[in-house]
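No hydrogens, no waters, no symmetry mates; every other heavy atom, side chains included, goes into these values. Chain A is the first sequence line, chain B the second, and so forth, proteins listed ahead of strands; every chain is numbered from 1.
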Protein chains: 2
Amino acid sequence: MTHFHDATTCQSCAQRFTSVFCKAKQEFIADINEQKICNVYKKGQTLFNEGSYPFGVYCINDGKVKLSHLGDDGKEQIIRLLRGGDVLGYRALLSGERYSASAIALEDTQVCFIPKELFISVLKSDTGLAFEMMKLLSDELHKAEVKLTHLAQKPIRERLAETLLFIKETYGYEADGITLSVRLSREEIANLVGTATESTIRLLSEFKKDGMVELDGKKIKILRQKELIKTANLQD
Amino acid sequence: MTHFHDATTCQSCAQRFTSVFCKAKQEFIADINEQKICNVYKKGQTLFNEGSYPFGVYCINDGKVKLSHLGDDGKEQIIRLLRGGDVLGYRALLSGERYSASAIALEDTQVCFIPKELFISVLKSDTGLAFEMMKLLSDELHKAEVKLTHLAQKPIRERLAETLLFIKETYGYEADGITLSVRLSREEIANLVGTATESTIRLLSEFKKDGMVELDGKKIKILRQKELIKTANLQD
DNA sequence: TATAGCGCATGATTTTTATCATGTTTTTAG
DNA sequence: CTAAAAACATGATAAAAATCATGCGCTATA
């Protein structure tokens with residue numbers, strides 16, 4: 001079983017320099033530290049469910065989480081991948097709606113929960129944090145718009161290559177420097193790319209044949225990142 | 001040529017009850033009123049261009065604007081449609097980046113420009129407005145995520161029906177109660193749906209044959225909204 | 001007012017992608 | 001440890017969508 005760092009206080013939290021909250025004033029960090037509730041979710045467990053009401057925000061201390069939407073026909077669409085330092089659950093809270101997506105742990109994950117009232121009150125008194133939140137939302141909106149454009153305009157082959165690079169950007173490599181450090185099923189990759197599972201499987205096999213990746217079950221190694229970038233046909 | 005209402009002051013502006021700014025405190029509204037610069041953009045004119053730096057936010061007083069992205073291969077993707085009361089340009093400003101999309105007037109449009117420094121300083125001092133902005137961003141993010149899911153999972157026929165309904169929601173009908181009150185080219189509709197222009201033309205013809213719409217050049221009349229909703233296969 | 005160009009329309013064809021079918025391998029649970 | 005289920009893989013086929021091609025009609029403009 002995964003072993004976690006000590007995160008009993010926000011002041012000693014491993015994420016204290018990476019999270020949005022690092023910009024909050026010390027006094028508020030102390031408040032958060034008092035009221036936060038830490039929790040460990042095992043792989044596959046749900047932090048919150050689409051359709052339910054938000055009671056606070058979640059702050060990932062260590063681990064990996066996927067945020068996914070159900071399409072009108074019940075098919076999962078993975079909207080975002082989250083890692084240590086990321087905050088989630090704020091979107092529904094800020095727009096005063098139910099959760100529009102479910103959050104599920106991709107591996108054993110340590111999470112701090114910050115109650116709604118506290119979050120809102122800190123946000124009200126700490127302008128810096130409010131601006132950080134606005135920046136965070138703006139960045140997410142930007143990413144969503146770019147993804148939207150690619151989804152509308154790029155063929156699946158390019159989108160799969162892009163998705164593999166995105167996974168690498170998000171979670172990085174294992175110690176060997178080439179294995180993606182997350183285990184996703186082919187179906188999950190498909191739900192990230194926005195395609196059928198079989199298409200993903202087929203294209204991954206092609207990428208393997210082309211020598212760009214190596215496949216070993218759910219372990220994916222990136223052998224030629226440059227070619228993958230070329231395959232993804234990215235401008236930036 | 002279009003004739004516009006008087007909008008010389010924010011206090012008498014037709015949008016003073018609908019815009020996000022309606023939640024700003026009176027004192028700040030007065031500041032904005034002093035520093036704003038009003039302008040009329042003719043159909044086809046650009047308010048700002050993807051890639052350039054934002055110097056403020058734009059507030060539509062009256063008119064219609066499209067916000068669009070260029071895909072990596074240069075194809076337009078329409079991200080949002082805006083109308084009187086809508087604000088634009090804030091995303092890039094808040095995340096401190098260049099514009100990631102261009103804003104182009106779909107018809108003669110009256111716009112107020114609010115300089116960056118003023119916008120930021122009001123946002124700093126007016127918590128209510130900051131929360132409104134966070135809510136706005138959250139709502140946009142939500143819409144983008146839903147659109148993303150539909151783009152990934154729904155066939156073009158459903159997406160076109162949904163787009164027509166979306167246009168209706170955004171701009172409404174003309175006096176006759178059935179004609180969409182915006183003139184978009186087939187290509188623009190395609191760039192909203194995320195498909196090829198020919199596919200859009202073909203499907204619109206089908207919708208016409210099915211008696212759901214009536215086509216008269218760029219004039220589109222919705223004859224059977226219920227069937228259109230069914231065709232869009234929407235859950236909510 | 002002639003005409004070049006654009007937007008609209010539609011047919012034919014090709015490409016892309018999803019679906020169905022089937023077998024194999026890997027996990028999971030009893 | 002073993003059976004059942006889930007995940008992976010791959011071929012065959014069907015469906016969806018893009019592309020190419022052509023023609024028509026409107027409109028901007030020289």
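- Taking atom NZ of A:Lys219 as the reference point, atom P of C:dT26 lies 13 Å away to the nearest angstrom.
- Of the N and O atoms on the side chains of B:His150 and B:Glu162, at least one donor lies less than 3.5 Å from an acceptor on the other residue.
- The side chain of A:Ser205 places an N or O atom within less than 4.0 Å of a non-bridging phosphate oxygen (OP1 or OP2) of D:dT10.
- Atom CD in B:Gln153 sits about 15 Å away from atom C1' in C:dT17, given to the nearest Å.
- Ranked by how close their nearest DNA chain D nucleotide is to the 5' end, A:Ala152 and A:Glu198 are led by A:Glu198.
- Contact annotation: A:Ser199 reaches the phosphate of C:dA18 (side-chain N/O to OP1 or OP2, under 4.0 Å).
- Side-chain contact check for A:Arg159 and A:Thr163: no donor-acceptor pair (N or O, by modelled atom type) lies under 3.5 Å.
- Atom CG in B:Leu70 sits 10.5 Å away from atom CD in B:Gln77 (nearest 0.5 Å).
- Considering only the side chain of A:Ala196, C:dT19 comes nearest among C:dA9, C:dT19, D:dA17.
- B:Arg186 has a side-chain polar atom (N or O) that falls below the 4.0 Å cut-off from OP1 or OP2 of C:dA9.
- One can place NZ of A:Lys75 at 12 Å from C1' of C:dT19, the figure rounded to the nearest angstrom.
- To the nearest angstrom, P of D:dC8 lies 13 Å from NZ of A:Lys208.
- Using a 4.0 Å cut-off, no side-chain N or O of B:Arg202 falls inside it from OP1 or OP2 of C:dA9.
- Although no hydrogens or angles enter the test, the distance criterion places no donor-acceptor pair under 3.5 Å between the side chain of B:Glu158 and the main chain of B:Pro155.
- One atom, CD of B:Glu187, and another, C1' of D:dA18, lie 15 Å apart when rounded to the nearest Å.
- For the pair B:Glu206 CD and C:dT10 P, the computed distance is 11 Å after rounding to whole Å.
- Regarding A:Leu204, its CG atom lies at a distance of 16 Å from the P atom of D:dA7, rounded to whole Å.
- Here B:Lys218 reaches the OP1 or OP2 of C:dC8: one of its side-chain N or O atoms lies under 4.0 Å away.
- Distances shown here put every side-chain N or O of B:Thr197 at or beyond 4.0 Å from the OP1 or OP2 atom of C:dC8.
- Using a 4.0 Å heavy-atom distance criterion, B:Ile201 is classed as a base contact.
- For the pair A:Thr195 and A:Lys43, nearest-nucleotide mapping onto DNA chain C gives the more 5' position to A:Thr195.
- Checked by atom type and distance alone, the side chain of B:Gln153 pairs as donor or acceptor with a backbone atom of A:Lys75 at under 3.5 Å.
- Distance, B:Asn191 CG to D:dA18 P: 12 Å, rounded to whole Å.
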